[in-house]
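Comments concern the structure below.
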Amino acid sequence: ETEVEQLQRLLAGMEKDHRDLLARMESGQAELERLRKAEGERAAQQERSSQLEKEVAGLREKIHHLDDMLKSQQRKVRQMIEQLQNSKSVIQAKDTAIQELKERVSYLEAENLEMHDRIEHLIEKQVSRGGSSARARSKSEYVSRCSGNSGIRVRNSGIWVGSPKPLPLIRVVET
């Protein structure tokens, strides 16, 4: 009987140990599941972190490339602005030269008209002095240009018509 009691106590202890071990096993399995889940989350986080690092590296490369393109475009714009300013300067200089030439042409035309008037006046004087027997001649017959720009000579008379003083400058203003 004592042996049966001992065996029953032993059996009850074993059952208790069995329940304890089952409880410990279940808590261990739950802990293991929790750790596996946490490890899975960590792996997912590491994978996501790795993916984000790759994206960041790609974006940095694109930004670097865009910065290079931006600098290149800025250089081109500066060069175009310089060329435009140079062109404006050249155009201004040419406009100034054209304006000066127009003024010079106007001055020479005025001088030419004055010379024609003087020649006509001299021709009229000579014709009136020559009397009625002098035949009428056209202006082109009497006038020829000298090799220089210093004056005009009237043929057959020996009279030298030139302007010893400079003629006034006549400016033509366009509006």
Could you tell me the separation between the [atom1] atom of [X] and the [atom2] atom of [Y], rounded to the nearest 0.5 Å?
X	Y	atom1	atom2	result
H121	E114	NE2	CD	12.5 Å
Q46	E39	CD	CD	9.0 Å
I81	Q79	CD1	CD	10.5 Å
L70	I63	CG	CD1	12.5 Å
D95	K102	CG	NZ	8.5 Å
L66	E61	CG	CD	11.0 Å

Check this for me: [X], atom [atom1], are more than 12 non-hydrogen atoms of other residues, nucleotides or ligands nearer than 6.0 Å?
X	atom1	value
Q92	CD	no
E47	CD	no
M69	CE	no

Next on the checklist: Show every salt bridge (Lys or Arg N to Asp or Glu O under 4.0 Å) that has at least one partner inside residues 9-34, sequence neighbours left out.
Outcome noted: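 Checked against salt bridge (Lys or Arg N to Asp or Glu O under 4.0 Å) - neighbours excluded - the pairs reaching residues 9-34 are E31-R34, E33-R36.
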
Review point. Hey, mind stepping through H65 and K62 against side-chain contact (heavy atoms from CB on, under 4.5 Å) and telling me if it holds?
Key: CA-CA 5 Å; H65 179 67; K62 285 181 181 179; 5.6 Å; no

- [ ] Using the test side chain to side chain contact (heavy atoms under 4.5 Å, CB included), find all partners of E55 that sit at least two apart in sequence or belong to another chain.
- [x]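 With neighbours one apart ignored, the set is R48, Q51, L52.
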
* To do: Go through I123 and E120 one step at a time and tell me if the side-chain contact (heavy atoms from CB on, under 4.5 Å) criterion holds.
  => CA-CA 5 Å; I123 291 172; E120 283 181 27; 5.7 Å; no

For H116 and N112, what are the C-alpha separation, side-chain angles and deciding distance, and is it a side-chain contact (heavy atoms from CB on, under 4.5 Å)? CA-CA 6 Å; H116 279 289; N112 189 23; 3.2 Å; yes

Do side-chain atoms of S72 reach the backbone of D68 as a donor and acceptor pair under 3.5 angstrom? no

